[in-house]
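Notes to accompany the following structure.
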2 protein chains.
Amino acid sequence: MTTLKDIAHLAGVSTATVSRVMNGKGEASPQTIQKIQKIIQQVNYHPNRTAKMLSAQKSNLIALLIPNLRNPFFSELVQQIEQAANRQGYQIYLCNSEDNRQKVEYYLETMQDNYVAGAIIDSLFVEQMDLDQLEQRHIPTVTIDRTHLKHPYAALNVDHLQGEYLATKSILQHQKQAQLVFLSGPVGEQSSQDRYQGYLKAIQEFGATSLGILYGDFTYESGYQQMTQFLQQHTDLQGVVCSNDAMAVGALRACQDHQLRIPQDLQLVGYDNTRLGKFTNPRLSTVQQFGINYFDLIIDELTKQQKQQYWLTPQFIARESTYGGKND
Amino acid sequence: MTTLKDIAHLAGVSTATVSRVMNGKGEASPQTIQKIQKIIQQVNYHPNRTAKMLSAQKSNLIALLIPNLRNPFFSELVQQIEQAANRQGYQIYLCNSEDNRQKVEYYLETMQDNYVAGAIIDSLFVEQMDLDQLEQRHIPTVTIDRTHLKHPYAALNVDHLQGEYLATKSILQHQKQAQLVFLSGPVGEQSSQDRYQGYLKAIQEFGATSLGILYGDFTYESGYQQMTQFLQQHTDLQGVVCSNDAMAVGALRACQDHQLRIPQDLQLVGYDNTRLGKFTNPRLSTVQQFGINYFDLIIDELTKQQKQQYWLTPQFIARESTYGGKND
DNA sequence: TAATTTTACGTAATCGGTTACATTTAATTT
DNA sequence: AAATTAAATGTAACCGATTACGTAAAATTA
């Protein structure tokens, strides 16, 4: 590997001079600058990032802690955030915790080792203690959807209750006395619990009935499986409210396997507005949590540390899996 | 940050001793071992990875270079490989090139800076030169589906021609004189070109007709858009052969928007066997490139350097979007 | 021309670890 | 008890950068 020292040798100067030239800091005569730059070109030298990190005690990495990549919502999130980060000269240090507390701990430790410029936290299993530690280490943090956690940095909060209320309402507006079921994420998952409350609120408001709550794990497979099982025992269902799009797609297929027409026999809504939703048959009505412009904002928060709290207003997107939907 | 030096101070020994104890290398008296371990526990010390990397000139990172994350094939690949890597104590250094040569170059450079233990290369825009460089730097490499590139390490090759031949055949077997169209990846994309050849081979063999080739970019959106456009000009189509599942899903929706029943009016096949395929309506017939057990093998190749060449035999998976399909 | 200020560059410490080698101390051997 | 060997630990160089500080050379001023 070509090092600073090599360049210094070749140019007949000290490493300090080369370093200064590379970073445009301090003084250097035009001749030396030229000579050094020429050599750098010739041997295609580029400074070692690891050494740089250690020396500077900082990096251009932004940690992105997510629970998994199975839920398309997160793979889309990763893409969007990565692009926004790149635009501002940052790289993403992807911390996929695989729904596993141990991995969360591992990544929280290695974030520090990697001298990350900031952390974006969107994961269950992150506790107050962890955020306190990040704060103590002066790692700017943006939490996404971790409303119950406290820290002095920025937070993007999502009103799940309101979102699912809107979604559920969209079903009930066309069928006030409908019997519905709620397809939730894993037991204990806060966002799903909040969404469940929104679902219940709409049900009460319209005097409709909830036939229960099903627990999936945000995958197509679990949506399909839970719904299939449910339909074996219930025939009097008019609507399914799902805690994410992927499960909605699974549930949709399960309903169709039971010869139910969507939305005529049964209305169905997803959540998250993942790209797939526009291409299912029928197209999926869903809830949009945040628009594409929020990702740059997240990176800005980390780098400029404006330390704002955002409350995002979810929007219902009507498509074909509920009445009143339209193509888009 | 707690450092080795801190521990050494607390224990009243030198950093060398602490390092030895931490790594179980060299000799140390039972008392010192105990004392040091106790302190490490107390202050929750863990060695800095960056410093370790620099010092040891190696890391537990495996670079995974992919073209993008938009194609679900790749997001599923990332998950699988990450899990396999984790099982063997490695972390993934995700290099998402965003279909961009510059980023490929950036990542190839930083791989070296990160002292990666190996690289998994599955990306267009990687040239022979790049692999030569990796070889020169002694970075063990596994290429996936880069048949035309030469290097002394392991390679997983996929017979795209055969895969698409099987897929096309499955359509033609039930409708020998069908008129088909091929929905390809971007112009110049090698795997799509190979698949196109397989498609043509089956067409010739059955005396069927190809109405042309459409170029998408492996996204739902492009599949939908290309197919919609095509259907505005053609009404005599009996089959669509797609170069990946995501475009197939988009194309499927486009066909359905044109009131075509699948598979009765028109048969359609995807490629890659992504998870979604089991949940579309109709379920998607597709081609499986490699099974789940291949991911551990890839990591093994990197760490044990068996330097094998693999040719994977693609398998056609019949579902409901072609005749002769069945649920699974 | 001598004194002073600027400019250009080198020396050496530092980041947080690892490790070859030297040294001290303890245990064995004669 | 002296000599030898083995065990325990310390010293210092190193990985590849950055940077505070010092010094030599050049430019400016007196």
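In the text below, chain A, chain B and the rest are named by the order of the sequence lines, each starting its count at 1.
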One thing to verify: whether B/D130 and B/R101 come together as a salt bridge, which I'm taking to mean a side-chain N less than 4.0 angstrom from a carboxylate O. yes
From D/dT9, C/dG17, D/dT18, pick the nucleotide closest to the side chain of B/T17? D/dT9
A/L54 CG to C/dA13 P: how many Å, rounded? 17 Å
Under 4.0 Å from OP1 or OP2 of C/dC15: is there any side-chain N or O of B/N48 that close? no
So what does A/S19 hit on the nucleic acid, given a heavy-atom distance under 4.0 Å: a base, only sugar-phosphate, or nothing? base
Selection from D/dA8, C/dG10, D/dA17 that lies nearest to any side-chain heavy atom of A/S14: C/dG10
Any side-chain N or O of B/Y45 less than 4.0 Å from the OP1 or OP2 oxygen of C/dG17? yes
For B/A28, report the nucleic acid contact type (base, sugar-phosphate, nothing); a contact means any heavy atom under 4.0 Å. sugar-phosphate
D/dT9 phosphate, OP1 or OP2, under 4.0 Å from B/S29 side-chain N/O: yes
At less than 3.5 Å, do the side-chain atoms of B/R49 and the base atoms of C/dG17 form a donor-acceptor pair? no
What is the distance, to the nearest angstrom, from the CD atom on B/Q34 to the P atom on D/dA8? 14 Å
If the cut-off is 4.0 Å, is A/K52 near the phosphate of D/dT18, judged by side-chain N/O to OP1 or OP2? yes
Take A/T15 and B/T15, find for each the nucleotide of DNA chain D with the closest heavy atom, and name the residue whose nucleotide sits nearer the 5' end. B/T15
In this structure, how many angstroms lie between the P atom of C/dG10 and the NZ atom of A/K5, rounded? 15 Å
Assign A/Q57 to base, sugar-phosphate, or nothing according to its heavy-atom contacts below 4.0 angstrom with the strands shown. sugar-phosphate
For a quick check under 3.5 Å, do B/E301 and B/Y310 share a side-chain donor-acceptor pair by atom type? yes
Could one point to a donor on the side chain of A/T3 or the base of D/dG16 with an acceptor on the other under 3.5 Å away? no
Roughly how many Å is it from CE in B/M22 to C1' in C/dT19, rounded to a whole number? 16 Å
For C/dT18, does either OP1 or OP2 sit under 4.0 Å from a side-chain N or O belonging to B/K25? no
Counting side-chain heavy atoms from C-beta on, which of C/dT11, D/dG10, C/dG17 comes nearest to A/A16? C/dT11
Among D/dT18, D/dG10, C/dA12, which nucleotide sits nearest the side chain of B/R20? D/dG10
Please report, rounded to the nearest Å, how far the P atom of C/dA20 is from the CG atom of B/N23. 12 Å
Looking across every strand, which nucleic acid part, if any, lies under 4.0 Å from A/T32 by heavy atom: base, sugar-phosphate, or nothing? sugar-phosphate
Between C/dT14 (C1') and A/L4 (CG): distance, integer Å: 15 Å
Without decimals, in angstroms, what is the distance between A/E27 CD and D/dA20 P? 14 Å
Atom-pair distance (CD on B/Q31; P on D/dA7), nearest Å: 15 Å
Show your working on salt bridge (Lys or Arg N to Asp or Glu O under 4.0 Å) between A/D99 and A/R70 and close with a plain yes or no. CA-CA 10 Å; A/D99 297 314; A/R70 269 174 290 121; 2.5 Å; yes
Side chain of B/P47 - closest among C/dG17, D/dT18, D/dA12: C/dG17
Tell me whether the centres of the aromatic rings in A/F218 and A/F73 are closer together than 6.0 Å. no
Using only heavy-atom distances, determine whether the side chains of A/Y107 and A/Q102 contain a donor-acceptor pair under 3.5 Å. no
I'd like to know if the side chain of A/T110 pairs up with that of A/Y93 as donor and acceptor (distance under 3.5 Å, no hydrogens or angles considered). yes
